[in-house]
Amino acid sequence: QALALWPENPVARRGLQRAGEASVRFEVAQRNGAGARAALMALVERSNVLAEQVAALESDLAAQAKARAALDSLLAAAGTRVGAWTRALIGAALMYALGVVSLVLGRAGVQLSYAMLFWSFGSGLVLHSVALVLTRRRSLANRQG
């Protein structure tokens, strides 16, 4: 408003410049490359220091995007979901077997203690590990092999 009334007002021009510079610094701190570039372009007087900070931020963000794309490409190529069906089938079969054993023991009148539960689930973990080792070619497979 002050600049609309008096376009050469030095106090209003300095205030507008300082506010714009603060906006650029805020956007750089927030790691918002587009916002920092827009705030920099809106400045009346260019600041080389702020322009260098924005350029460095944009370079850093581009490098991060490139690294993220490379990682996504590696994960897609690894195909970690390929052996998931085998792993899920082994886990489901084992849980079913443990459930049947618990049901049979309960029907037979065997009182299940914490120690029995510990040993049954510990045995289940060992059986699961053995099953994964025996089927490692399928259960741990990825797209490359």
Side-chain angles (χ1 to χ4, degrees), residues 1-4 10-145:
Q1 228 177 4
L3 287 174
V11 174
R13 284 181 148 315
R14 276 194 310 271
L16 183 61
Q17 181 68 23
R18 283 199 319 260
E21 290 172 354
S23 179
V24 173
R25 284 191 295 275
F26 173 80
E27 295 298 340
V28 167
Q30 295 298 310
R31 302 194 48 79
N32 180 359
R37 175 62 61 187
L40 180 68
M41 298 311 248
L43 288 178
V44 176
E45 297 173 23
R46 290 295 160 99
S47 166
N48 289 336
V49 172
L50 290 177
E52 289 172 5
Q53 289 177 1
V54 171
L57 172 64
E58 289 172 334
S59 176
D60 187 40
L61 291 174
Q64 281 182 353
K66 187 176 179 182
R68 190 175 305 116
L71 179 61
D72 289 344
S73 175
L74 284 174
L75 289 174
T80 55
R81 304 277 308 157
V82 172
W85 178 249
T86 304
R87 293 188 302 270
L89 189 60
I90 290 170
L94 188 60
M95 293 309 293
Y96 180 76
L98 285 175
V100 168
V101 168
S102 298
L103 185 63
V104 167
L105 289 175
R107 294 255 178 192
V110 175
Q111 194 75 358
L112 296 177
S113 67
Y114 285 118
M116 291 177 81
L117 288 174
F118 173 78
W119 284 108
S120 66
F121 283 108
S123 301
L125 181 61
V126 168
L127 288 173
H128 189 257
S129 299
V130 168
L132 284 177
V133 167
L134 292 175
T135 62
R136 69 183 168 272
R137 282 193 161 317
R138 289 191 56 170
S139 62
L140 302 176
N142 58 28
R143 287 197 184 142
Q144 274 105 24

Is the side chain of [X] donor-acceptor paired with the backbone N or O of [Y] at a distance under 3.5 Å, no angle test?
X	Y	result
S123	W119	yes
S129	L125	yes
S59	A55	no

- prompt: Do you know which two heavy atoms are closest between V28 and L57, and how far apart they sit?
  reply: CA-CD2, 3.9 Å
- prompt: Where is the tightest heavy-atom contact between M116 and Q111, given as atom of each residue plus distance?
  reply: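 Here M116 and Q111 meet closest at SD-O, 3.5 Å.
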Looking at [atom1] of [X] and [atom2] of [Y], how far apart are the two atoms once the value is rounded to the nearest 0.5 Å?
X	Y	atom1	atom2	result
L16	R18	CG	CZ	10.5 Å
L134	L127	CG	CG	10.5 Å
E21	R14	CD	CZ	12.5 Å

Enumerate, atom names and distances included, each donor-acceptor pair closer than 3.5 Å involving a side-chain atom of residues 34-53, sequence neighbours excluded.
| unit_1 | atom_1 | unit_2 | atom_2 | d |
| --- | --- | --- | --- | --- |
| R37 | NE | E58 | OE2 | 3.0 |
| R37 | NH2 | E58 | OE1 | 2.7 |
| S47 | OG | L50 | N | 3.3 |

Residues forming a side chain to side chain contact (heavy atoms under 4.5 Å, CB included) with V126, sequence neighbours excluded: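 For V126, the residues satisfying side chain to side chain contact (heavy atoms under 4.5 Å, CB included) (neighbours in sequence not counted) are V130.
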